[in-house]
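As structure tokens, the structure follows; a few thoughts come after it.
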Amino acid sequence: MTGRVPSLQEKCALPPDVSETLEGVVMLTALRVKVIRERQRKEGHFDCFGRAVSGYCDQHQCVYHDECTNISQAMPELAAT
């Protein structure tokens with residue numbers, strides 16, 4: 001049985017216009033953090049994405065480094081999740 005893989009937005013069951021609202025942005029960002037952390041664990045890395053609340057991260061080679069530090073500082077409440 002084959003079927004198409006649902007998009008991230010479909011998995012969240014978010015109406016299309018909600019992603020344009022602040023609440024939608026927060027929800028999608030939290031989901032992105034969760035997905036990237038799961039990917040980090042599967043690849044055998046620490047699931048540290050979005051946890052650089054101090055603004056410092058020594059993992060400069062990480063492909064997520066810039067995005068991670070930006071999210072960490074903008075949304076520190078995600079660090080504890």
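Because the structure is a prediction, the values reported are computed rather than measured. Residue numbers count from 1 along this sequence.
- With sequence neighbours excluded, no residue forms a side-chain hydrogen bond (donor to acceptor under 3.5 Å, both in side chains) with Glu43.
- Among residue pairs with one or both ends in residues 57-81, those qualifying as ring pair (Phe, Tyr, Trp, His ring centres under 6.0 Å) are Phe49-Tyr64, His60-His65; sequence neighbours excluded.
- For the salt bridge (Lys or Arg N to Asp or Glu O under 4.0 Å) condition, the pairs that include at least one residue of residues 60-81, sequence neighbours left out, are Arg32-Glu67.
- Every residue two or more places apart in sequence or in another chain was checked for a side-chain hydrogen bond (donor to acceptor under 3.5 Å, both in side chains) with Gln73, and none qualifies.
- Sorted by first then second residue, the salt bridge (Lys or Arg N to Asp or Glu O under 4.0 Å) pairs that include residues 45-61, not counting sequence neighbours, are Arg41-Asp47, Asp47-Arg51.
- Taking hydrophobic clusters as Ile, Leu, Val, Met, Phe, Trp and Tyr residues chained together by side-chain heavy-atom distances below 4.5 Å, Val63 shares a cluster with Ile36.
- No hydrogens or angles considered: nothing links the side chains of Gln40 and Glu38 as a donor-acceptor pair under 3.5 Å.
- Residues forming a ring pair (Phe, Tyr, Trp, His ring centres under 6.0 Å) with His45 (at least two apart in sequence, or on another chain): none.
- Between Val33 and Met75 the shortest side-chain heavy-atom distance does not fall below 4.5 Å.
- For Ser54, there are no side-chain hydrogen bond (donor to acceptor under 3.5 Å, both in side chains) partners at least two apart in sequence or on another chain.
- When the side-chain contact (heavy atoms from CB on, under 4.5 Å) test is applied to Ala52, the partners found at least two apart in sequence or on another chain are Cys57, Thr69, Ser72.
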